[in-house]
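Step one of this worksheet: look at the structure below.
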Amino acid sequence: MNFDFSADTTAMREQARRFLSDRIAPGTVRRQAESGAPFDAALWSDMARMGWLGAAVPEAFGGAELGYEALCMLAEEIGRTLAPVPFSSSIYLGAEALLLFGTPAQMRRWLPAIADGSVVATLALAEGAGEPAPANIAARFAAGAISGRKLPVFDGGAAGIVVVAARDATGSIGLYLVERGPGVVAHALRTLELGGSAVALDLDGAAAEPLPGATGWPDVMRLLERAAILFAFEQVGGAQAALDMAVAYARERFAFGRPIAAMQAVKHQLADIYVAVELARSNAYHGAWALDSGGGDGAAATARIAATVAYERAATQNIQTHGGIGFTWEADCHLHYRRAKRLSGQIGSARFWRNRLIDILSARNVRGEPDGLQ
Amino acid sequence: MDFSDTAEEAAFRAEARAFLDANAARKAASARGYRSRALDAQAIGESRLWQARKAACGFTGIHWPRRYGGRDGTQMQAIIFAQEEARYDVPVNIFNQSVGMAMPTMMTWGTAEQAGRFARPALFGEELWCQLFSEPGAGSDLAGLRTRAARDGDDWVVNGQKVWTSNAHFAQFGMLVARTDPSLPKHQGMTFFILDMRSPGVEVRQIRQISGTSNFCEVFLSDVRIPDHHRLGAIGQGWAVALTMLANERFVVGEAEGPGAEDILAFAESATLDGQPALQDASVREKIADWYVQEQGLKYTRLRSQTALSRGGVPGPEASIAKLVSATKLQQIAMFGVDLLGQGGAVMEPGTAPLNAWFQEAVLYAPGKRIAGGTDEILRNIIAERVLGMPPDPRADKGIAFNEIPTSAR
């Protein structure tokens, strides 16, 4: 049995963890957010230098070609540390959209810049409230230009290039590359998350170039499914960090003459969080396998649901375990709580993915194990 | 990352399949529904024959030393054989406790004579073992057990009562932990014994569970004499021996059996709710999705743990996770299956209730799954204390002589 990260990835994880813990001290994330800068540019360029931004990008397009297993591991470590960088937007969504649907010329033009960190990419899918669905896309593409309003567009304030979902004259949903320029106006949006640079994007005849591989809504879902696995790793990393914080605090904090960690009312809650995080991690691993192999019906939805539930529960219980101090601005608890809630909705809520999972399961011809395992 | 065997594992799997193909029939496509698993004389006889066949061919006691009839194999090989065996229509296995728990404990703590005497008959299914641990007053707090063993010449004389003993009514031997010195703090005054279940003074009664079936016994011990050469480990070492046995339990206890997410999904596709397939109902979809996600999480957690074994590591706490999650999930699915039948949900008539009353039967046996082999609450303590490193509860009975520990509110 070989269902775990390889020795190479594990070694890389040690390096990544050392690097991030050197660079992200308590308070770093809060100070970054309060600075008003859209992201930590120095951290971002160091990540680029280490090949992280091009982890899944082929060398031919300026990537490090470390593979999806490595990218999954990096997503987890970034989630763990709440690194204030547009990794999910630029890599899981932007670079992946180009890799899946771009022409060789488009990939040559943009992937090297994404991999070296000089250009940040993001996805503009949502148009306000509502789950990902064709009916929730009104933006229109015609004659090389897009008009419409997209929000929220996470990391939109930092993005040099935006992959925009829009419908063409026939009503078919496609994905289009839009650069900053005439007809593109970004309004900063306050969101649940501290920091970042979410925007509402007003497109008024903005020049747009189709990603020709994306020929309808199923292709958009293909992008979201692959991204869902990477989001799941980021969520698992965050959930583990929130659990670790809660356990550490419960062991230090004394009440009634003993550590609160000795009380079953506290420890049983955290044991349940541990179980949720482990199940989410295992489902995410299956997702990593599916990303690489293309197999695994429902692997993405399963990983995404488990990770969303685990991170929300861990972040919520972390505040509860901390008591009053966990409710203050200065404690880092709210950073996880905020990020957990932002990640939950970003590419569709748990409710959305549960529905999708049931659709996938009930459409199978053969019941049982898609990977042939007991 | 993939699901591949190593070359050695693949070779062993091929060997296991060849043995199974030659000796058993492949299971038909999995049938859903309740099947009673009453252990009558015929089922026990078939189980013994199958055990003997496996023993003769080296497919049980796989990780036992060769000198006791084992294969000197690995835990991973034992898992691989169990995976393959599950694909075949074979008799119910009543020897898990004997081969997986009792004898490994014997090999750890027993003398060469003891292990030499008992290992082979257990391996070949000639002698069946049961575990005499729990008592009416000692469940989660097992170390609170009160069955007394008093020295009398070359013998020990045992008085007390054990409970929740699987297979006691047809086992030849029991692994017994008893109190030999109540004046010591509770973990220190215990000693471990091999009990011949045919000894005078051993009385076994079957317990009737809420489902009406009987999977467990209570065992009354009245002036039962055990020769001192049937003591396992030193006097006063009983708790350490018992812990060895419980540590082996994690290789034996798996997920709770019964209707799962795929089963309730199939049922919800065929059942009607408010004039449409139940699976179109939003609340039904949400619940089934969550159960499926839990099941997949358990499955891949198990594969991660097998990978650790395969790479030479030791299994972690995943057995605790598996039981904690699967027992509650089973109870929820069973309850929900009954709910989907609405006004007809309470009917248990096999011909009327769907799937041979699978959901109704599971409603009645599921509570036991959350208690047997470690309650949900004890499992959470284990996870919190051993995995997360949280301190144990302060104990009111710590360092106190056993016979001075309070036992009731009065």
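Computed from a predicted model, the values in this text were never measured in an experiment. Naming convention: chains lettered A, B, ... in sequence-line order (proteins, then strands); numbering from 1 in each chain.
When each of B/N381, B/V387, B/D5 is checked for heavy-atom pairs under 4.5 Å with chain A, B/N381 comes out on top. Ranked by heavy-atom pairs shorter than 4.5 Å toward chain B, the options A/N2, A/N283, A/L243, A/L279 are led by A/N2. By number of non-hydrogen pairs under 4.5 angstrom with chain A, the leading residue of B/Q306, B/Q294, B/E286 is B/E286. Residue with the most contacts toward chain A among B/P392, B/S310, B/A289: B/A289 (heavy-atom pairs, distance under 4.5 Å). For the options A/R258, A/R351, A/Q264, A/Q269, heavy-atom pairs under 4.5 Å to chain B are most numerous at A/Q264. Your options are A/D292, A/D272, A/D244, and the one with the most heavy-atom pairs under 4.5 Å with chain B is A/D272.
Looking at A/L357, the atoms closer than 4.5 Å to chain B (heavy atoms on both sides) all sit in the side chain, from C-beta outward. When heavy atoms are compared at a cutoff of 4.5 Å, A/E69 approaches chain B solely by way of its side chain, counted from C-beta outward. When heavy atoms are compared at a cutoff of 4.5 Å, B/V325 approaches chain A solely by way of its side chain, counted from C-beta outward. Of the two parts of A/D359, the backbone and the side chain both hold a non-hydrogen atom closer than 4.5 Å to a non-hydrogen atom of chain B. With a 4.5 angstrom heavy-atom cutoff, A/N355 touches chain B via backbone and side-chain atoms both. The contact between A/F5 and chain B is made by backbone and side chain atoms together, counting heavy-atom distances below 4.5 Å. Only the backbone of B/S4 comes within contact range of chain A, judged by heavy atoms closer than 4.5 Å. Proximity to chain B is limited to the side chain of A/A250, based on heavy atoms less than 4.5 angstrom apart. For B/L379, no part lies under 4.5 angstrom from a heavy atom of chain A. Interface remark: B/E385 contributes side-chain atoms only to the contact with chain A (heavy atom separation under 4.5 Å).
Side chain to side chain, A/E131 and A/S349 meet the donor-acceptor criterion of an N or O pair below 3.5 Å.
The pair A/R304-A/E225 fails the salt-bridge criterion, with no side-chain N (NZ, NE, NH1 or NH2) lying under 4.0 Å from an Asp/Glu carboxylate O.
Taking the six-membered ring where the residue is Trp, the centroids of B/F81 and B/F59 are separated by under 6.0 Å. Here the two rings, on B/F359 and B/F336, have centers that are 6.0 Å apart or farther. Ring centers of B/F267 and B/W358: at least 6.0 Å apart, outside the cut-off.
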Given side chain to side chain contact (heavy atoms under 4.5 Å, CB included), test B/I62 with B/F12 step by step and report yes or no. CA-CA 11 Å; B/I62 287 166; B/F12 178 80; 3.9 Å; yes

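Remark: A/R226 is positioned above the aromatic ring of A/Y68, its terminal NZ or CZ atom under 6.0 angstrom from the ring centre and at most 45 degrees off the axis.
Atom OG of A/S293 and atom CZ of B/F3 lie 7.5 Å apart (nearest 0.5 Å). Atom CD1 of residue B/I288 and atom CG of residue B/D263 lie 10.5 Å apart, to the nearest 0.5 angstrom.
Contact check for B/R304 versus A/R281: side-chain heavy atoms found under the 4.5 Å cut-off.
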